[in-house]
K.L.:
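Dropping the structure in here first, questions after.
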Amino acid sequence: MPAPRVRFCPAPSGWLHVGGARTALYNWLHARGNGGAFVFRIEDTDAARATDESMRGMVASLRFLGLDWDEGPEVGGPHGPYRQSERGDLYAAVTAKLLQAGAVYDAYETAEELAAQRAEAERERRPPGYAGGHRGLTDEQREAFRREGRRPVLRVRTPDEGSVTFDDAVRGPVTFEWSSIADFVIERADGTHTYFLANAVDDLAMGINFIARGEDLLSATPRQLLLYTLLLRDGVLDDALADNGYPARPADAVPPAFAHLPLLVGEDRKPLSKRHGSVAVDEFRRQGFLPEVLVNFLALCGWSYDATTERFTVDELVERFSFDRVGRNPALFDTAKLRSLNGDRIKELTDAELAERLQPYLVEAGLLSNPATPADQALLLGFAPLLRERIQTLAEAVPLIAFAFRDEVTYDDRAVAKHLKDRAGEVLDRAAGALADVAWDGDAILATFRALAAELGVGLGKAMQPVRVAVTGTDVSPPLPETLALLDRATVVGRVRSAGARLAQAPDTV
RNA sequence: GGUCCCGUCGUCUAGUGGCCUAGGACGCCGCCCUCUCAAGGCGGUAACGCCGGUUCAAAUCCGGUCGGGACUGCCA
């Protein structure tokens, strides 16, 4: 097997979503695991949809996931440019030659006419594809259409009979009848080029020899294959490359082989899209999913190693991934499973690593300055072991420890109503006194609460919950004794006293 | 409608004729532990779409059937 040259070629409209990321990952793993190259190409042939912002987002998300590219935007490479919007001259040269060779023809129907034809075919229950109406136009007819002001598109003449079979790396041999494949457009009336053309030209020109992509493109493959043979016949592509100053195709280049990946679907079994909420990689980043976990999970969306192993480092994935273990049925993107894996990974982080990864999220929430003060960093580090067991995403840490980074406590009404009542005033009063001179460490503080509970003849919970609410504002927090020990004694005692005082003045409205 | 793809617990999957009274993980339920929330421990729930056939033996092979999906664009 020659060293794989693979590519990831998103259309830059919208954010990189997890489906696209999975496609990128499988290609990347294949390249990295087999000494190949990963090419990143921007397919912005549809000017109406492509945006620079989207392209920057794609770059950022790929970087976040750690999927580095050998050729492409920002890193360059020998087969550039890597944005299709900058390769229009090449495509035009190619289509001119194809037209000359008679492989494609000009068709003059307007978009409206084609829509009407489709609707009619639909009504009559005929296949809705282009029926080839302008296949055999005479020069006079062409002239007439042009005089009407019509601009033609260029369509590829597909074979009328026979079939095409290709060996898909995940599905095995797949066969299509040519009769079911309509003549398709490669050059628009405005002179720009469609996905089929640009994609086929660039894959060949850049020496791409393996393509992993979504199953939604499976039925586009015959058209791709047709284009490869047309492009390679009589040196059409090679001449166009040379004529326009593009580097020649790599010497050992061959038309690519394909692997069609099972679709990623949402809870409703529909293909993943914005309607499923957060499907953008960047959104998962914001929620505090770790990139290595996202990579691990994405790898598992359609691939498995064996019956039991499901946690992999990126290096292990590079070593073990192969297309022969990619499944064929659609995979549901299960965020519950993702959360679980993320929680598992967080538990493996050292205190320092966790604190460091948490920091941006606290900054984002306005709890830390940027950069954080040494005191705040130390406090965060202290919380790391307490947080580790109780968060599944980094962002979940924020509400759990916000109280420690604010001067004022924000009281949760429900927690107050539930715990600052009955004997809570007495508990707070005695606790404030006891905390004022206990040794300031978790064990000693816990012992103090036990003693207090025994003294008052109440359960430990009754003794601690009011204090938890007084200090943190809520009834859910990291373990209380250790938490208190991380804060200043003065702060703790102050909060307990003031909660107690307000309770005494106005029960129910602390 | 046509073409193509797919069909194992709720979910992702293991399974390539006997190791399968179908394994793992997530989820869910119960119990234990417990200062809240978690985490952890233990236990449990739950699947080969259906019908035929081949075979001593089928989740695995064959045929059919049903169901789901993708594509059928001057989007990619």
Side-chain angles (χ1 to χ4, degrees), chain A residues 9-11 13 43-46 48-50 107 109-111 114-115 118 121-130 151-155 168 171 174-177 179-182 184-190 192-196 198-199 213-222 260 262-263 265 267 269-271 297 300-311 327-341 343 347 386-392 396 400 415 419 446 449-450 453 459-465 467-469 472 474-481 483:
Chain A
C9 49
S13 64
E43 308 230 323
D44 53 351
T45 54
D46 186 2
R49 299 180 188 213
E109 294 97 334
T110 63
L114 291 170
R118 258 195 301 281
E122 197 76 43
R123 244 180 290 118
E124 296 173 5
R125 309 191 136 216
R126 284 184 288 112
Y130 183 70
R151 307 298 308 159
V153 300
L154 256 28
R155 283 183 187 270
D168 190 281
R171 273 151 229 276
V174 181
T175 301
F176 285 87
E177 294 295 325
S179 60
S180 70
I181 298 165
F184 57 98
V185 174
I186 58 169
E187 184 174 289
R188 303 186 182 99
D190 65 2
T192 62
H193 302 85
T194 63
Y195 162 79
F196 292 107
N199 192 265
R213 34 138 63 157
E215 190 208 280
D216 51 334
L217 261 2
L218 183 60
S219 52
T221 309
H260 285 95
L263 245 31
V265 299
E267 315 282 346
R269 309 301 316 186
K270 298 286 187 213
F297 180 66
L300 257 16
C301 286
W303 171 85
S304 66
Y305 179 65
D306 60 18
T308 55
T309 318
E310 60 173 17
R311 307 255 339 258
R328 282 173 291 276
N329 29 2
L332 187 144
F333 190 85
D334 184 1
T335 50
K337 178 73 175 179
L338 209 211
R339 292 176 58 79
S340 167
L341 287 173
K347 288 180 191 66
L386 306 182
L387 253 12
R388 182 156 41 226
E389 309 290 314
R390 18 188 76 72
I391 57 173
Q392 286 191 300
E396 285 171 3
L400 283 177
H419 298 288
L446 179 56
F449 279 115
R450 287 194 197 284
L460 194 49
K462 284 268 184 262
M464 295 179 76
Q465 284 301 78
V467 176
R468 189 188 304 278
V469 175
T472 72
T474 75
D475 57 359
V476 175
S477 81
L480 193 60
T483 295

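The figures here come from the full heavy-atom set of this structure, side chains too, leaving out hydrogens, waters and symmetry mates. Throughout, a chain's letter reflects where its sequence line sits, starting with A, and its residues are numbered from 1.
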K.L.:
Just so I know, are the side chains of A:P479 and A:R390 near enough to count as touching, which here means a heavy-atom distance under 4.5 Å?
P.N.:
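In short, these two side chains touch, coming nearer than 4.5 Å.
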K.L.:
Round to the nearest Å and state the distance from A:E177 atom CD to B:rC71 atom C1'.
P.N.:
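Checked: the CD to C1' distance equals 16 Å.
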K.L.:
Base, sugar-phosphate or nothing for A:E187? Non-hydrogen atoms, less than 4.0 Å.
P.N.:
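Result for A:E187 = nothing.
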K.L.:
NA contact type, A:V153, heavy-atom cut-off 4.0 Å: base, sugar-phosphate, or nothing?
P.N.:
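If one applies the 4.0 Å heavy-atom cut-off, A:V153 turns out to touch a base.
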K.L.:
Find the distance A:E215:CD to B:rU72:C1' and express it as a whole number of Å.
P.N.:
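Nearest whole value for this atom pair: 15 Å.
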K.L.:
What is the base-pairing partner of B:rU16, counting Watson-Crick and G-U wobble geometry with both distances under 3.5 Å?
P.N.:
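The answer is none; no pair meets the criterion.
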K.L.:
Once you apply the 3.5 Å cut-off to both distances, tell me the Watson-Crick or G-U wobble partner of B:rC61, or none.
P.N.:
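Partner of B:rC61: B:rG53.
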K.L.:
Using whole Å, what does the distance between atom P of nucleotide B:rU3 and atom CG of A:L218 come to?
P.N.:
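One finds 15 Å between P of B:rU3 and CG of A:L218, rounded.
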K.L.:
For RNA chain B, whose closest nucleotide is more 5', that of A:A107 or that of A:S340?
P.N.:
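Nearest-nucleotide comparison on RNA chain B picks A:S340.
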K.L.:
Grab the two heavy atoms, one from A:V185 and one from A:F196, that are nearest each other, plus how far apart they are.
P.N.:
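Residues A:V185 and A:F196, closest heavy atoms: O-CD1, 4.3 Å.
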K.L.:
Provide, to the nearest angstrom, the distance between the CZ atom belonging to A:R328 and the C1' atom belonging to B:rU8.
P.N.:
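That distance rounds to 13 Å.
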K.L.:
Categorize A:T175 for me: base, sugar-phosphate, or nothing, with a 4.0 angstrom heavy-atom threshold over every strand shown.
P.N.:
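Contact class for A:T175: sugar-phosphate only.
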K.L.:
Let's go through A:D475 and A:Q465 carefully: what are the C-alpha distance in whole Å and the side-chain angles of both, what is the deciding distance for side-chain contact (heavy atoms from CB on, under 4.5 Å) to 0.1 Å, and is it a yes or a no?
P.N.:
CA-CA 7 Å; A:D475 57 359; A:Q465 284 301 78; 3.7 Å; yes
K.L.:
Under 4.0 angstrom, heavy atoms only, what part of the nucleic acid is A:T45 near: base, sugar-phosphate, or nothing?
P.N.:
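Since only primed, P, OP1 and OP2 atoms lie under 4.0 Å of A:T45, the category is sugar-phosphate.
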K.L.:
Going by side-chain contact (heavy atoms from CB on, under 4.5 Å), name the residues that satisfy it together with A:T175, two or more places apart in sequence or in a different chain.
P.N.:
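If we apply the side-chain contact (heavy atoms from CB on, under 4.5 Å) test to A:T175, skipping adjacent residues, the hits are A:S163, A:T165.
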K.L.:
If pairing requires Watson-Crick or G-U wobble contacts with both distances under 3.5 Å, which nucleotide is the partner of B:rG2?
P.N.:
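Looking at the geometry, B:rG2 pairs with B:rC71.
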K.L.:
Base, sugar-phosphate, or nothing for A:F184, non-hydrogen atoms under 4.0 angstrom?
P.N.:
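It contacts nothing in the nucleic acid.
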K.L.:
Does A:T194 place a side-chain N or O at less than 4.0 Å from the phosphate oxygens OP1/OP2 of B:rC74?
P.N.:
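For B:rC74, OP1/OP2 do not have a side-chain N/O of A:T194 under 4.0 Å.
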K.L.:
What's the gap between B:rG64 and B:rC5 when it is taken at their P atoms, as a whole Å value?
P.N.:
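Roughly 14 Å separates the two P atoms.
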K.L.:
Between B:rU72 and A:R118, is there an OP1 or OP2 to side-chain N/O distance shorter than 4.0 Å?
P.N.:
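A:R118 to B:rU72 OP1/OP2: no side-chain N or O under 4.0 Å.
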K.L.:
Between B:rC5, B:rC74, B:rU3, which nucleotide has the shortest distance from any of its atoms to the side chain of A:S180?
P.N.:
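Closest nucleotide to the A:S180 side chain: B:rU3.
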K.L.:
Using whole Å, what does the distance between atom C1' of nucleotide B:rG69 and atom CG of A:D216 come to?
P.N.:
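So the CG-C1' distance, A:D216 to B:rG69, works out to 11 Å.
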K.L.:
If you compare all heavy atoms of A:G459 against all heavy atoms of A:A453, which two are closest, and at what distance to 0.1 Å?
P.N.:
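Reported closest heavy-atom pair: O-CB, 3.9 Å.
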K.L.:
Return yes if some donor-acceptor pair links the side-chain N/O of A:T309 with the main-chain N/O of A:D306 below 3.5 Å, else return no.
P.N.:
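Flag not set: sc A:T309 to bb A:D306 has no pair under 3.5 Å.
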K.L.:
Indicate whether any N or O donor in one side chain lies under 3.5 Å from an N or O acceptor in the other, for A:T472 and A:R468.
P.N.:
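Short answer, no.
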K.L.:
Could you list all N or O pairs between the protein and nucleotides 16-24 of chain B that sit under 3.5 Å apart?
P.N.:
unit_1, atom_1, unit_2, atom_2, d
B:rG23, N2, A:A307, O, 3.0

K.L.:
Could you please name the partner base of B:rA76, counting Watson-Crick and G-U wobble pairs only when both distances are under 3.5 Å?
P.N.:
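Partner of B:rA76: none.
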K.L.:
Closest approach of A:P330 and A:V265, non-hydrogen atoms and distance?
P.N.:
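For A:P330 versus A:V265, the nearest heavy atoms are CB-CG1, 4.2 Å.
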K.L.:
Answer with base, sugar-phosphate or nothing: what part of the nucleic acid does A:I181 contact at a heavy-atom distance below 4.0 Å?
P.N.:
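No contact.
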K.L.:
Just to verify, which of A:E215, A:R213, A:R328, A:R171 counts as forming a side chain to side chain donor-acceptor pair (under 3.5 Å) with A:H260?
P.N.:
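Exactly one option meets the side chain to side chain donor-acceptor pair (under 3.5 Å) with A:H260, and it is A:R213.
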K.L.:
For B:rC9, which nucleotide in any strand shown is its Watson-Crick or wobble partner with both distances under 3.5 Å?
P.N.:
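The base-pairing partner of B:rC9, which may sit in any strand shown, does not exist here.
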K.L.:
Does the side-chain contact (heavy atoms from CB on, under 4.5 Å) test come out yes or no for A:T194 and A:F184, once each step is laid out?
P.N.:
CA-CA 10 Å; A:T194 63; A:F184 57 98; 5.8 Å; no
K.L.:
How many Å lie between CZ on A:F176 and P on B:rU72, as a whole number?
P.N.:
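It works out to 12 Å between those atoms.
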K.L.:
What interatomic distance, in whole Å, is found between P of B:rA46 and the corresponding atom of B:rC29?
P.N.:
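Their P atoms lie roughly 16 Å apart.
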K.L.:
Which parts of nucleotides 35-44 of chain B does protein reach within less than 4.0 Å, heavy atoms only, written one letter per nucleotide 5' to 3' as B for base, S for sugar-phosphate only and - for none?
P.N.:
BBBBS-----
K.L.:
With a cut-off of 6.0 Å (strictly less than), are more than 12 heavy atoms of other residues, nucleotides or ligands near CZ of A:R311?
P.N.:
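For A:R311, atom CZ is crowded (more than 12 foreign heavy atoms under 6.0 Å).
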K.L.:
For B:rU11 and B:rG27, measure between their P atoms and round to the nearest Å.
P.N.:
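About 16 Å, rounded to a whole number of Å.
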K.L.:
Partner of B:rC35 by Watson-Crick or G-U wobble geometry, both contacts under 3.5 Å, or none?
P.N.:
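Partner of B:rC35: none.
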K.L.:
Taking any heavy-atom pair under 4.0 Å as a contact, classify A:R155: base, sugar-phosphate, or nothing.
P.N.:
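A:R155: backbone/sugar contact only, no base atoms under 4.0 Å.
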K.L.:
If we take the C1' atom in both B:rC66 and B:rC51, what is their distance in whole Å?
P.N.:
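Between the two C1' atoms, the distance is 10 Å.
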K.L.:
Please check the phosphate of B:rU8 (OP1 and OP2 only) for any side-chain N or O of A:N329 closer than 4.0 Å.
P.N.:
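Result: yes.
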K.L.:
Looking across every strand, which nucleic acid part, if any, lies under 4.0 Å from A:A189 by heavy atom: base, sugar-phosphate, or nothing?
P.N.:
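A:A189: base contact, heavy atoms under 4.0 Å.
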K.L.:
Check the pair A:T45, A:T192 against side-chain contact (heavy atoms from CB on, under 4.5 Å), reporting the backbone distance first and the verdict last.
P.N.:
CA-CA 7 Å; A:T45 54; A:T192 62; over 6 Å; no
K.L.:
Which listed nucleotide (B:rA70, B:rG27, B:rA76) is nearest to the side chain of A:L263?
P.N.:
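Nearest to the side chain of A:L263 among the choices is B:rA70.
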K.L.:
Distance between the P atoms of B:rU8 and B:rG49, in whole angstroms?
P.N.:
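Those two atoms are separated by 6 Å.
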K.L.:
Suppose you measure atom C1' in B:rC20 against the same atom in B:rC26; what distance do you get, rounded to whole Å?
P.N.:
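Rounded to whole Å, the distance is 22 Å.
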K.L.:
A:W303 has an atom CH2; how far is it from atom C1' of B:rA14, in whole Å?
P.N.:
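That distance rounds to 13 Å.
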K.L.:
Where the side chain of A:P330 is defined as all heavy atoms beyond and including C-beta, which of B:rC6, B:rU72, B:rC12 is the nearest nucleotide?
P.N.:
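Of all the options, the side chain of A:P330 is nearest to B:rC6.
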K.L.:
Roughly, in whole Å, what's the span from CG in A:L154 to P in B:rC74?
P.N.:
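Whole-Å distance recorded here is 13 Å.
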K.L.:
Give me the distance, rounded to whole Å, that separates B:rG7 from B:rA39 when you measure between the P atoms they each carry.
P.N.:
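Pairwise P distance, B:rG7 against B:rA39, rounds to 34 Å.
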K.L.:
Please report the distance separating the C1' of B:rA58 from the corresponding atom of B:rG52, rounded so that it comes out in whole Å.
P.N.:
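One C1' to the other, the span is 14 Å.
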K.L.:
Can you give me the closest heavy-atom contact between A:L218 and A:P222, atom names plus distance?
P.N.:
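Closest pair (atom of A:L218, atom of A:P222, distance): O-CD, 3.8 Å.
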